[in-house]
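Being a predicted model, the structure only gives us computed values, none of them experimental. What's counted below: heavy atoms across the whole structure, side chains too, no hydrogens, waters or symmetry copies. If you read the sequence from its start, that first residue is 1, and numbering goes on from there.
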Amino acid sequence: MAMRKLMVVGVLGFLLLVLAGGAAAQPTVIAIIPVGTAAQIAANPATNRVYVSQDVPAAVAVIDGSTNTIVASVPTAGSPTGIDVDPVTNRIYVSQQWAGAVRIIDGVTNSVITDLHVPGGWQAGSVAINPATGRLYVVRAGAGYGDVAVFDAATYTLLGTVGGWVQTLYLAVNTETNRIYVADGWNQRVHVIDGASNSVLATVPVGDYPGLIGVNPATNRIYVPNGGSGTISVIDGVSNTVVDVFAVGGTPVAVGVNPVTNRLYVTEYYDDSVLVLDGATGDLLATLAVPHFPGDIAVIPSTSRIYVSSDRAVAVIEDLPVYSFSGFFRPVDNTPTLNLAKAGSAIPVKFSLGGDQGLDIFATGYPRSQKINCDTSAPSDAIEETVTAGSSSLSYDPIADQYVYVWKTDKVWAGTCRQLIVRLNDGTDHVANFKFK
């Protein structure tokens with residue numbers, strides 16, 4: 001098991017990650033939204049709405065992700081703690097700690113549908129909904145015990161309970177595998193529940209005081225922040241074992257995951273910062289300053305925005321996606337080949353980004369070319385295809401899933417070699433070399 005010591009960067013600075021010869025996109029805090037004393041946060045990617053449970057005042061703040069403004073406030077009974085969203089039904093579930101109930105909110109009208117009584121749960125804690133199965137999971141905490149109550153979210157029926165642990169704190173769900181992960185704080189472990197049978201499949205030892213767990217359903221990796229150890233335990237969802245530990249230092253309390261980019265966002269409670277990590281390697285990509293005592297994190301992958309709850313504010317982070325670039329397609333050959341072309345011709349430069357990412361994919365000022373020395377030892381290949389064009393242009397072919405950048409070359413380049421640099425707005429550079437006649 002590898003222990004990776006992360007490089008420390010300034011709170012207001014960024015560590016640049018080199019990908020394919022270019023610097024990676026830099027995540028940025030783009031807004032600070034004042035709220036009450038925040039507890040946990042959740043987001044609905046289908047509606048681009050964000051929900052923050054507030055202790056003072058006791059309410060749920062509803063944030064419009066397009067404008068980063070609070071558009072509604074829904075009162076709660078008792079002290080709200082856990083919160084989760086079902087994007088299929090557009091319902092929000094808020095545990096009310098001292099009321100022993102979960103308040104269910106309609107995401108369309110921002111009104112209360114009902115209060116779901118949690119039997120024996122006078123300290124209703126963290127909640128999690130699995131939209132694939134329609135099951136709701138609620139932590140029940142009491143004097144010296146804790147378990148998880150399982151409800152049918154459609155009928156409000158209690159289906160059973162799982163556990164009987166000393167201190168059950170936080171929940172997370174992998175919707176792809178129908179497994180539920182429960183942080184057991186005092187015992188430094190995570191319990192794995194099978195959502196089909198409501199039984200414990202495994203108990204995984206982790207670090208001290210595990211916190212708000214992050215799940216990547218695309219890789220089936222579960223990330224557990226250990227506040228007392230300054231580490232992130234990485235659990236493999238197949239073997240239910242810790243396969244890596246990322247040493248982050250400080251007091252990490254929550255992990256948010258963007259499954260599209262496989263980036264992790266880790267709140268450092270006492271350092272007033274969010275760490276951005278590579279989910280595969282644990283490498284530190286950036287450190288961002290956020291308001292005091294950051295806690296929970298919500299991620300909307302489609303907008304690449306991350307929402308961080310803190311003492312009296314929500315920080316909004318924008319993190320550009322990393323595209324899936326697999327190289328140039330013919331007629332352009334990839335380096336080190338020299339593409340032989342006629343100066344003044346228009347060359348179709350074709351590539352894929354793993355789907356339609358829109359036409360705003362280039363960094364400002366790119367693509368561009370620069371003169372290079374002609375490498376006489378490099379293999380060469382003639383450009384077999386040119387097009388008629390008065391200027392350079394970009395289009396997307398949905399059938400071939402290819403972008404076509406028509407590069408209008410200059411006649412004065414005859415007898416020289418040049419390098420075309422395609423810099424995308426994720427910060428990565430992709431180059432091809434040409435020799436003009």
Side-chain angles (χ1 to χ4, degrees), residues 30-31 33 35 38 40-53 59-74 80 82-95 102-114 116 126-137 151-156 171-180 195 212-219 254-263 265 296-309 314-321 354-358 360:
I30 61 171
I33 306 169
V35 296
Q40 293 186 25
I41 191 168
N44 187 342
T47 62
N48 199 18
R49 291 283 172 94
V50 181
Y51 301 88
V52 187
S53 63
V60 172
V62 183
I63 297 173
D64 184 335
S66 300
T67 61
N68 292 325
T69 57
I70 296 176
V71 295
S73 180
V74 185
I83 189 167
D84 203 5
V85 177
D86 187 338
V88 176
T89 62
N90 196 12
R91 290 186 172 187
I92 299 90
Y93 299 88
V94 189
S95 63
V102 173
R103 177 150 289 185
I104 304 175
I105 299 170
D106 184 332
V108 176
T109 62
N110 294 320
S111 59
V112 177
I113 297 174
T114 190
L116 175 62
S126 181
V127 296
I129 182 74
N130 187 344
T133 63
R135 290 193 174 182
L136 176 68
Y137 302 88
F151 293 88
D152 183 317
T155 63
Y156 311 137
L171 298 172
V173 173
N174 187 337
T175 57
E176 295 296 319
T177 62
N178 194 17
R179 291 189 176 180
I180 299 87
L212 291 153
I213 299 169
V215 174
N216 188 339
T219 62
V255 177
V257 180
N258 187 339
V260 175
T261 62
N262 195 22
R263 289 183 176 180
Y265 306 90
D296 199 10
I297 291 184
V299 180
I300 298 184
S302 60
T303 62
S304 291
R305 289 192 174 177
I306 298 88
Y307 300 85
V308 183
S309 68
V314 170
V316 184
I317 298 171
E318 186 173 64
D319 194 0
L320 295 175
D356 185 358
Q357 310 296 338
D360 185 23

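Atoms OG1 and CD1, on T175 and I180 in that order, are 10.5 Å from each other to the nearest 0.5 Å. We find the CG-CG distance between L171 and L212 to be 10.0 Å, quoted to the nearest 0.5 Å. The distance from atom OH of Y137 to atom CG of N130, rounded to the nearest 0.5 Å, is 6.0 Å. How far CD1 of I63 is from CD1 of I33: 4.0 Å, rounded to the nearest 0.5 Å.
Counting only N and O atoms by type, the side chains of D296 and S309 include no donor and acceptor under 3.5 Å apart.
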*Going through the distances and angles, do I30 and R305 end up as a side chain to side chain contact (heavy atoms under 4.5 Å, CB included)?*
CA-CA 9 Å; I30 61 171; R305 289 192 174 177; 3.5 Å; yes
*Step by step, would you call V85 with R49 a side chain to side chain contact (heavy atoms under 4.5 Å, CB included)?*
CA-CA 10 Å; V85 177; R49 291 283 172 94; over 6 Å; no
*What's the verdict on side chain to side chain contact (heavy atoms under 4.5 Å, CB included) for N178 and T133, showing C-alpha distance, side-chain angles and the deciding distance?*
CA-CA 8 Å; N178 194 17; T133 63; 3.8 Å; yes
*Decide side chain to side chain contact (heavy atoms under 4.5 Å, CB included) for R135 and V173; before the verdict, give the C-alpha distance in whole Å, the side-chain angles of both, and the deciding distance to 0.1 Å.*
CA-CA 10 Å; R135 290 193 174 182; V173 173; over 6 Å; no
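Closest of all the heavy-atom pairs between I306 and I297 is CG2-CG2, 3.6 Å. In terms of heavy-atom proximity, I83 sits nearest to S53 at CD1-N, 4.2 Å. In terms of heavy atoms, A218 sits closest to N216 at N-OD1, 2.9 Å. In plain terms, the two heavy atoms of V88 and P131 that are nearest each other are CG2-CB, 3.9 Å. The two residues P45 and S302 have their closest heavy-atom pair at O-OG, 4.3 Å. Contact record, Y156 with I104: CE2-CD1, 3.5 Å, taken as the closest heavy-atom pair.
Scored by the salt bridge (Lys or Arg N to Asp or Glu O under 4.0 Å) test, R103 finds D115 as partners (sequence neighbours excluded). Remark: E176 pairs with no residue by the salt bridge (Lys or Arg N to Asp or Glu O under 4.0 Å) rule, at least two apart or across chains. Applying the side-chain hydrogen bond (donor to acceptor under 3.5 Å, both in side chains) criterion to T69, with sequence neighbours excluded, gives T67.
Here the options are I92, D106, I105, the test is side chain to side chain contact (heavy atoms under 4.5 Å, CB included), and the partner is V74; only I105 passes.
A donor-acceptor pair under 3.5 Å links the side-chain atoms of D84 to the main chain of I129, judged by distance alone. Side-chain N or O atoms of S304 include one that pairs as donor or acceptor with a backbone N or O of D319 at under 3.5 Å. Of the possible polar contacts, one joining the S95 side chain to the G82 backbone as a donor-acceptor pair under 3.5 Å is found.
By the 4.5 Å heavy-atom criterion applied to side chains, T303 and N48 are counted as neighbours.
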